[in-house]
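Below: one structure, written as structure tokens.
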Amino acid sequence: MNNLEIEKKWRKKWDETNLYKFDKNNLKDKKYVLEMFSYPSGAKLHVGHWYNFGLSDSYARFLRMQGYNVYQPMGFDAFGLPAENYAIKTGIHPKDSTLKNISIMEEQLRNMGAMFDWDSEVKTCMPDYYKWTQWIFVQLFKHGLAYRKEAPVNWCPSCNTVLANEQVQEGACERCGTEVVRKNLTQWFFKITDYAEELLQDLDKLDWPEKTKLMQKNWIGKSTGGEIEFEIAGHGKSFRAFTTRADTLNGVSYVVLAPEHPLVAEITTKEQKKVVEKYIADVAKSNEIERLSTSKEKSGVWTGAYAVNPINDKQVPIWIADYVLYSYGTGAVMGVPSHDERDFAFAKKFGLPITRVIKGKNGNDELPFCEYGILVNSGKYDGLTTEEAKIKIIEDLAKVGKGELKTNYRLRDWLVSRQRYWGAPIPVVHCPHCGTVAVPEEQLPVELPYDVNFTPDGTSPLAKHDGFMHTKCPKCGGDAMRDPDTLDTFVCSSWYFLRYPDSKNDKEAFNKDWINKMLPVDKYIGGAEHACMHLLYARFFTKALRDMGYLNFDEPFTSLVHQGTILGADGNKMSKSRGNTVSPDDYIAVYGSDVFRMYLGFGFNYIEGGPWSDDGIKAIAKWMERVERIVLKANDFKGGKTDMGSDEKELDFIRNFAIKNVTDNYGTFSFNTAIARMMELTNALSKYADGKEINAKLYKEVCLDLIKLMAPLAPHFAEELWELTGNEYSVFNQKFPKVNEKALVKDEVEIVVQVNAKIRAKLVIANGMDNKQIENLALNDERVKPFTEGKQVKKVIVIPNRLVNIIVC
RNA sequence: GCCGAAGUGGUGGAAUGGCAGACGCGACGGACUCAAAAUCCGUUGUUGGCGACAACGUGCGGGUUCAAGUCCCGCCUUCGGCACCA
């Protein structure tokens, strides 16, 4: 078989006959299978794309052969930083390079021989798509879920530009090496925190990997506790601190504000002003990972001011320290060195008092004591447990307006403004009279102009484009300015799965009734690196659009699978700079795409991935050639015997064993073990037709089953064999083989006999023998006796059809 | 640092708490051949033994259990994420 030729032949036929066209009139059996769409950065498909898309397509084909009406769209996440950086470097416009890359990738994706529904294709950088991204922004704005506030960005003072975290290397700009500082800008946010609780609760409904759900849970970071109000001594103002351990309030020996806290400037005394300002400037240079490191030496400075502890009116010093983040909780914490590791280290370093207020239930006296216990040195609260006091103290404070029970989430609102060119413009107009005004729907899209100078010089590139910036206020008609920022590309990718099924709709983002029938996605496949951001943002969008009345489901992705990463042969991530990339094309040119896909399925655990090696690819090619020989032999066999002797039963057993396991394995993306079972079936067929008289009808039946089992992983190959064995087009209109459970019941089974958990014998016994009989057989076996003689049999454990364990002493 | 994973023969990888190493690769031996390629058959965790067999063996150290690669506790190493790469 000439793989390259037959692959071309069948792709043409599939196209001409519209074989894979999704049937819009049969939604009863619909399965929406979706792979995370790709970013068109490099021009060509790499092994990772093949691994994700090729094997997901095999899963989709398996569903099709099980009788489902499979919908599997494809598109491109086309806005983003790399194209813009490439443009700055080379002068090639992001639109030109992106569209060129897309067309090359489309061509390659078509040659993969997958069932993609190209009619549904979306490209997020095209106005017919981002028009609706902007529309969603406007809806969020109208519903109070988009708002503006100040937030810090990485700023390179030399390049005069905002840097992505990725562009900051050890605190310095990757382009010029200048030290990066944090600078506040007014930016757009989406209020994902409004949905924190639901995003947390609904995780239980999802068929997702447990680890992914756990990561999202920790990312949302719910903690229940209370807010406590501290007055600033002699100042008249106050601030609140969030704590989960209000029971330790009497042990507070200082409080800490985040360096960015607005009160800091007000309360800092003359004497402390210099050190405080110096400290704030230093902190502005560090990132959050450094700030929150628990192994790093504690740092902080005193503001000179004091706060009043509302529980006992004692004055405690107010410090600022980098480990307190302004973005979490209230941006202020109370310091209880006796019962918190971090506070303990801080107090030790700066000589602050340490007072025990919780005693261990078993008299543990070592500090810091961070477990729950009994209150001491706490006045009227002495003797209460932590659990009781946490609530009681807050309730008492609430009565005098100094506290309240509070639930906090680590999750922060989503910052969506980017001071960049290559993204969807934010559809907002700033009017001197009317303020911030959303662009009305009929004026969308706000088109991204082509002729923009995006070399970095201190402002958003769009701000320099007069034709874009100057506009009229949609409300009052007066002169107004557009928002010069663009949207984070995560915004584009948070709803593309809603656009696919209705991608040609130019009246609305999607037709509500239709999308409610097509969604949610039945199986979503993509990398685990998206666990906390993309997958959370998409869930948020779905819930927000549901609450606006556009959707009637709660979750976008019912079931989720993460494919692993294929690394370079050296075990590192593939990258051009490392020179360890692997080109699928080189292999496909030699072996064809089916062999390549089959190898990707066989050589790795799909969920785990691993370093690339082509050691086994030749073996796969040989195995498939062997299958071809074995299957085509079926055409030559005529007549022969028709009864089912023991050889026939053995072959039938292996056939059904393969069908059962392959079916399960496709469902769990365990392609490697599925292929192992197909190889066993191949071996069994070869052994069966080893010269002696055979049952030709059975042989052919088994061969046809093998073709069907292989079809999802080697679609062209299977189609060709299906035709060569005299069957009607197409194998993909065939039903996947069904297991005959009866053939799997063996007359005899082998069980293991252990004495004190060590294997001493193996017995072949009749299937279904009762436990007492098995026990007797085991105890009387000649090979077992030497190990039990002279000893007392304490217990015998019989696991039916598996083993006997005799415990002696 | 924090959150989440992973660690099994020479190698890729299999194993609902129940025979560790399925299925491959590689290696070794054999058949076919003048020879080679291709193909087919067999052996292959380590150590000891001619052998039947025995002991040991799933990153390290403990523990639970009749039974642990699998469950629990404590480490080590590697990988993913940490909010402007997507």
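Remember, it's a predicted structure, so these values are computed and weren't measured experimentally. Sequence lines set the chain letters: A, B, ... in the order given, protein chains first and strands last, and positions in each chain run from 1.
Residue side chain A/R420 reaches the base of B/C84 through a donor-acceptor N/O pair under 3.5 Å, judged by distance alone. A donor N or O paired with an acceptor N or O is not found under 3.5 Å between the base of B/C79 and the side-chain atoms of A/E529. For a distance-only test at 3.5 Å, the side chain of A/K573 fails to qualify as a donor-acceptor partner of the base of B/C79. Put simply, the side chain of A/Q754 and the base of B/C66 share no donor and acceptor less than 3.5 Å apart.
Distance check on atom C1': B/A67 versus B/G59 gives 23 Å, rounded to whole Å. Comparing B/C50 with B/C60, their P atoms sit 31 Å apart, to the nearest whole Å. Taking atom P in both B/U46 and B/C41, one finds a spacing of 24 Å when rounded to whole Å. Spacing between B/U8 and B/G4 at atom P, rounded to whole Å, works out to 22 Å. Spacing of P atoms, B/G12 relative to B/G63, comes out at 32 Å, to the nearest Å. Taking atom P on both nucleotides, B/G30 is separated from B/U47 by 22 Å, rounded to a whole Å. Between B/A22 and B/C75, the two C1' atoms lie 32 Å apart (nearest whole Å). A distance of about 11 Å separates the C1' atoms of B/U70 and B/A20, rounded to the whole Å.
Note on A/W219: a base of the nucleic acid sits closer than 4.0 angstrom, heavy atoms only. When heavy atoms are screened at a 4.0 angstrom cut-off, A/A757 is found touching the sugar-phosphate backbone but no base atom. Among the protein residues, A/Q419 comes within range of the nucleic acid bases, having at least one heavy atom under 4.0 Å from a base atom. Looking at heavy-atom distances under 4.0 Å, A/R760 makes contact with sugar-phosphate atoms alone, never a base. Residue A/V162 is classed as a base contact, given a heavy-atom separation below 4.0 Å to a base. At a threshold of 4.0 angstrom between heavy atoms, the contacts of A/K618 with the nucleic acid are absent. Nucleic acid contact for A/G526: none, since no nucleic acid atom lies under 4.0 Å from a heavy atom of the residue. Counting any heavy atom pair closer than 4.0 Å across all strands shown, A/E210 reaches no nucleic acid atom. Among the heavy atoms of the strands, none lies under 4.0 Å from A/V168. As judged by a 4.0 angstrom heavy-atom cut-off over every strand, A/R629 is placed among residues touching the sugar-phosphate backbone only. Within the nucleic acid shown, A/L214 comes within 4.0 Å of sugar-phosphate atoms alone, with no base atom in reach, counting heavy atoms only. Within 4.0 Å (heavy atoms only), A/I759 reaches sugar-phosphate atoms of the nucleic acid but no base atom. Residue A/S613 is classed as having no contact, given no heavy-atom separation below 4.0 Å to the nucleic acid. Within the 4.0 angstrom heavy-atom criterion, no nucleotide atom of any strand lies near A/N756.
Put simply, CD on A/E166 is 10 Å from P on B/C82, counting in whole angstrom units. Atom CD in A/E625 sits about 17 Å away from atom P in B/A37, given to the nearest Å. As rounded to whole Å, 12 Å separates atom P of B/G24 from atom CG of A/L681. In this structure, CG of A/D322 is placed 17 Å from P of B/G1, rounded to the nearest angstrom.
Ranking B/C23, B/C25, B/A83 by closeness to the A/D615 side chain, first place goes to B/C25. Checking B/A86, B/C19, B/C84 against the side-chain heavy atoms of A/N165 singles out B/C84 as nearest. Of the listed nucleotides (B/C82, B/A54, B/C25), B/C25 has the atom at the smallest distance from the side chain of A/A619. For A/M215, whose side chain is taken as the heavy atoms from C-beta onward, the closest listed nucleotide among B/A86, B/C3, B/A55 is B/C3. The side chain of A/E750 approaches B/C19 more closely than any other nucleotide in the set B/C23, B/A6, B/C19. Side-chain proximity of A/R802 to B/A86, B/U39, B/G18: nearest is B/G18. Which of B/C84, B/A22, B/U16 sits closest to the side chain of A/T673 comes down to B/A22. Of all nucleotides listed (B/A55, B/A83, B/C85), B/A83 comes nearest to the side chain of A/L411. Between B/C85, B/C66, B/G13, one nucleotide has an atom nearer to the side chain of A/L81 than all others, and that is B/C85. For A/H530, whose side chain is taken as the heavy atoms from C-beta onward, the closest listed nucleotide among B/A67, B/A86, B/C40 is B/A86.
A/N165 and A/N154 form a side-chain donor-acceptor contact under 3.5 Å, judged by distance and modelled atom types alone. Inspection of the A/R420 and A/N85 side chains reveals no N or O donor paired with an N or O acceptor under 3.5 Å. For the residue pair A/S58 and A/R597, a side-chain donor N or O sits within less than 3.5 Å of a side-chain acceptor on the partner. Neither side chain, A/D488 nor A/Y537, offers a donor N or O lying under 3.5 Å from an acceptor on the other.
In this structure, B/G74 is classed as anti because its glycosidic torsion departs from zero by more than 90°.
The local environment of NZ in A/K191 is sparse, with at most 12 non-hydrogen atoms from other residues, nucleotides or ligands closer than 6.0 Å. Few gaps surround NZ on A/K149; more than 12 heavy atoms of other groups in view lie less than 6.0 Å from it. Shown here is A/Y86, whose OH atom has no more than 12 heavy atoms of other residues, nucleotides or ligands within 6.0 Å.
The pair A/E625-A/K622 does not meet the salt-bridge criterion, since no charged nitrogen lies less than 4.0 angstrom from a carboxylate oxygen.
Close to B/G18, at under 4.0 Å from its OP1 or OP2, lies no side-chain N or O of A/N801. Within the 4.0 Å cut-off from OP1 or OP2 of B/C56, at least one side-chain nitrogen or oxygen of A/K758 is found.
Of all heavy-atom pairs between A/S38 and A/M105, the closest is OG-CE, 3.6 Å. Nearest heavy-atom pair across A/Y496 and A/E35 is OH-O, 3.8 Å. Of all the heavy atoms in A/R342 and A/D340, the pair that sits closest is N-OD1, 2.9 Å.
For RNA chain B, the neighbouring residues in residues 599-607 of chain A, judged by any heavy atom under 4.0 Å, are A/F602, A/G603, A/N605.
Checking each of A/D483, A/T161, A/D485, A/T486 against A/S460 for a side chain to side chain donor-acceptor pair (under 3.5 Å) leaves exactly one that passes, namely A/D485.
Side chains of A/C156 and A/R175 form no contact here, defined as non-hydrogen atoms less than 4.5 Å apart.
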Distance-only check: which donor-acceptor pairs under 3.5 Å involve side-chain atoms of residues 795-809 of chain A, not counting sequence neighbours?
unit_1 : atom_1 : unit_2 : atom_2 : d
A/N805 : OD1    : A/A757 : N      : 3.0

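Stem regions for RNA chain B, each three or more consecutive Watson-Crick or G-U pairs with both distances under 3.5 Å and listed by first number, read B:1-7 with B:76-82, B:10-12 with B:23-25, B:26-31 with B:39-44, B:45-48 with B:53-56, B:59-63 with B:71-75.
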